[in-house]
2 protein chains.
Amino acid sequence: MEEREKLHENQRGPLLMSDVRIRNMDEFAVVCGISRPTISKYFNDPHSVRDSTRKKIEIALEKYDYRPNVFAMNQNRKLTKNVGIVVPYLADPFFAEIARNMEQRCLDHGFQPTLYSAHGQKQLEIDILDGLRSLKPAGVLLAPLGRDSDVSFVEKFCRDVPTVLFDSMVHGLDEPYVGSDNPQFARMMVEYLCRDGEPPCFFEMESPANPNAVKRRNAYLEAMRYFGHEPQIIQAKGQGWSFEEVGRLGGLAALEAKAFATNTVLCSNDRLAIGFMSACFEKGFTIGRTEEAAIRIAGQDDHPFSRFTCPPMTTVAQDYESISHHALETLFRVIDGAKKPSKDKLFGGKLIQRASA
Amino acid sequence: MEEREKLHENQRGPLLMSDVRIRNMDEFAVVCGISRPTISKYFNDPHSVRDSTRKKIEIALEKYDYRPNVFAMNQNRKLTKNVGIVVPYLADPFFAEIARNMEQRCLDHGFQPTLYSAHGQKQLEIDILDGLRSLKPAGVLLAPLGRDSDVSFVEKFCRDVPTVLFDSMVHGLDEPYVGSDNPQFARMMVEYLCRDGEPPCFFEMESPANPNAVKRRNAYLEAMRYFGHEPQIIQAKGQGWSFEEVGRLGGLAALEAKAFATNTVLCSNDRLAIGFMSACFEKGFTIGRTEEAAIRIAGQDDHPFSRFTCPPMTTVAQDYESISHHALETLFRVIDGAKKPSKDKLFGGKLIQRASA
DNA sequence: CCTTAAACTTTGCGCGCGTAAAAATTTGAT
DNA sequence: ATCAAATTTTTACGCGCGCAAAGTTTAAGG
């Protein structure tokens with residue numbers, strides 16, 4: 001009691017930040033004039049203590065730059081405040097952008113986000129999830145590699161850690177999923193292209209890692225039949241995540257073979273379209289929806305760079321905001337224990353009409 | 001002794017992975033037949049124990065999926081095996097790419113990389129460094145925001161944590177720095193452009209956050225004088241990290257004002273150039289080095305998308321490999337204590353001649 | 001003023017591992 | 001075989017905090 005009073009007295013004295021260094025929560029509790037368990041409670045959730053108590057602690061926090069030891073905090077806690085965000089390929093600005101959005105939302109809710117990229121590698125995705133598990137995260141937002149993912153491993157991971165999948169589903173996984181309504185993307189674009197000119201061919205990768213590509217292809221086929229046109233699919237050889245290069249090479253090959261039955265091409269995604277546009281330029285085909293243009297090209301995703309292509313790309317915009325918002329809402333709900341069997345949530349896209357189609 | 005013998009016996013029996021769950025290092029030591037401190041030493045550095053001992057441990061690791069508790073491990077350790085990688089803007093594929101490279105090298109050297117992006121925000125950079133400090137990282141690779149960085153804060157951080165700066169220097173900071181020889185970039189490109197056609201104007205952001213931009217501008221000025229040409233600098237209004245949009249809007253304004261004295265424009269960086277190319281297209285200016293083209297445009301950086309612009313962009317390639325390699329070598333040297341006053345290391349760029357200039 | 005629930009304090013244990021020191025063992029070379 | 005050096009074992013303590021239980025204080029409502 002005596003020592004406590006003394007230190008407590010100092011608090012009102014001319015004590016500078018650097019004068020006393022708080023070594024642990026016990027010492028901090030003393031200078032606060034509050035017991036350690038309450039301090040502990042405060043750091044776990046600031047609003048779990050009385051207003052007057054919180055105020056006292058926060059005043060002390062201004063004075064001393066104490067911060068609880070992260071490792072000691074998390075050691076004896078079943079669940080931390082960490083949230084893992086895992087994407088398949090961070091060099092794709094789409095993922096960078098949506099990850100940024102999610103990070104921000106985590107911080108706003110008092111969680112500590114950590115970003116990981118599998119860089120398109122199966123083994124790295126496994127290693128990331130493996131390492132993540134030992135961080136005892138409160139939850140994980142996972143955009144899997146897709147076809148390349150180790151399904152049984154991901155499944156096992158999801159059993160241990162509250163996980164919300166986004167962007168790409170994994171077949172046979174029962175976790176909550178938030179993403180885009182890919183069939184709607186393709187349908188909408190096919191309808192627009194048919195209304196505005198010749199019906200589109202469909203340009204895609206031969207064996208896409210991302211299952212969304214399959215949905216888009218099927219939706220294209222359906223939509224074309226619905227409108228009474230003959231569908232045509234052209235596949236670019238190649239694999240991996242260098243979509244632009246695959247699109248360029250595949251585009252060159254297709255153009256040389258005069259493979260396109262119409263003057264309109266709907267690409268499976270914007271990055272592929274960027275590569276294809278490059279191929280068209282190389283071959284001297286002018287792109288656009290004007291009379292003098294030779295070919296119309298449309299993409300899907302509204303990639304951050306798509307508005308700067310020449311010409312600017314007509315595409316379907318993913319609803320970044322809604323996806324990240326809903327993904328985190330879902331995750332928080334799962335974390336809070338109300339394990340609602342929240343079904344998949346899909347968001348529609350918006351047609352972005354630019355000059356390319 | 002008795003219990004140990006018993007468990008040790010089990011090891012040779014028909015024991016499956018899932019049969020026994022190892023709860024901590026003590027139990028794992030028992031099934032290894034090795035004392036805990038040695039096990040601890042192994043996990044700290046596998047090559048610090050005798051070969052025969054390592055073998056025994058690794059055999060046991062195959063059998064039981066024990067992994068030491070990350071939090072307990074790091075609690076009493078002054079330095080962890082964590083390495084922080086901090087970039088100013090991850091949605092820029094240049095940073096995504098170099099971060100990927102650095103991550104891989106960390107893993108190869110037995111470190112645990114964690115990636116952070118300040119997303120162009122000063123406060124976020126501070127928060128990231130602040131949080132990083134409490135993770136007791138072995139070292140940090142920091143590409144600062146630049147002009148927007150809180151210099152005194154970064155300085156204080158560097159005093160506490162072994163740090164290697166890359167990409168962008170912070171004025172008045174004495175830490176080891178690894179980056180590109182930006183003046184050489186501009187010099188080389190000016191020389192090429194002058195040799196191949198009209199001398200270039202210089203297109204840049206009004207008040208760039210990145211100090212490299214200033215170096216490139218000054219190098220442009222110098223080179224132009226050296227070659228006996230009148231330099232001309234055109235500035236795009238705007239700030240932030242949406243370089244493409246700034247370049248497009250600034251480009252439109254400049255083109256409308258007929259501001260360019262020659263038919264050749266050297267942009268401060270590729271992203272600005274991508275935006276400027278978009279503006280040129282919009283205004284009907286054909287880009288390229290052929291006779292019929294109206295304007296030549298060159299960039300700097302060799303951004304991952306620059307080879308897919310229409311036309312493909314002539315630029316100067318940053319030496320990703322060398323930068324990330326040298327940055328990590330330097331960091332490891334600093335971590336190992338040999339605090340050599342390693343001076344800054346700059347790498348030259350390579351001229352990438354494509355169709356745009 | 002009394003009643004009660006909520007918030008806080010006190011006490012004390014335990015987590016899983018780092019680490020130090022001294023003793024015991026193994027290794028490798030003479 | 002001999003001996004020093006390298007490695008491992010034994011023993012023991014401490015890190016900083018989570019967490020639980022029981023007692024005490026505070027705040028709110030009638």
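Numbers restart at 1 for each chain; the letters A, B, ... are given by sequence-line order, proteins then strands. This structure is a prediction, so every number in the text was calculated from the model and none was measured.
With sequence neighbours excluded, no residue satisfies ring pair (Phe, Tyr, Trp, His ring centres under 6.0 Å) with A:His325.
A donor-acceptor contact closer than 3.5 angstrom links the side chains of A:His119 and B:Glu103. Defined by atom type and a distance below 3.5 Å, a donor-acceptor pair is present between the side-chain atoms of A:Asp108 and A:Gln104.
What separates NE2 of A:His47 from P of C:dA7 is a distance of 14 Å, to the nearest Å. The CD1 atom of B:Ile34 sits 13 Å away from the P atom of C:dT26 (whole-angstrom rounding). In this structure, CD1 of B:Ile39 is placed 16 Å from P of C:dT19, rounded to the nearest angstrom. The distance from atom CG of A:Leu135 to atom C1' of C:dG16 is 16 Å, rounded to the nearest whole Å. Atom pair B:Arg54:CZ and C:dT27:C1' shows a separation of 16 Å (rounding to whole Å applied). Regarding B:Tyr42, its OH atom lies at a distance of 15 Å from the P atom of C:dC17, rounded to whole Å.
The shortest distance between the side-chain N/O atoms of B:Thr38 and the OP1/OP2 oxygens of D:dT7 is not below 4.0 Å. The side chain of B:Thr53 places an N or O atom within less than 4.0 Å of a non-bridging phosphate oxygen (OP1 or OP2) of D:dT8.
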- [ ] Report, as a single string ordered 5' to 3', how protein heavy atoms within less than 4.0 Å touch nucleotides 15-26 of chain D: B base, S sugar-phosphate only, - not at all.
- [x] BBBBB------S

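Comment: B:Glu125 does not engage B:Lys122 in a salt bridge, judged by the lack of any side-chain N to carboxylate O separation of less than 4.0 angstrom. Taking the charged nitrogens against the carboxylate oxygens, A:Asp51 and A:Arg54 do have a contact shorter than 4.0 Å, which makes a salt bridge.
Across all strands shown, A:Ser52 has no heavy atoms under 4.0 Å from either base or sugar-phosphate atoms.
Remark: side-chain polar atoms of B:Lys345 are not paired, donor with acceptor, to backbone N or O of B:Ala327 under 3.5 angstrom. Panel note: side chain B:Ser324, backbone B:Ile98; no donor-acceptor pair is recorded below 3.5 Å.
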Open item on the list: Both atom distances under 3.5 Å, Watson-Crick or G-U wobble: I'd like the secondary structure of DNA chain D as a dot-bracket string, with | for pairs made across strands.
Closed with: ||||||||||||||||||||||||||||||

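Annotation for A:Arg133 and A:Phe153: closest pair NH2-CZ, 4.0 Å, computed over non-hydrogen atoms.
Looking at A:Glu27 and A:Tyr66, their side chains never come closer than 4.5 Å, going by heavy atoms from C-beta outward.
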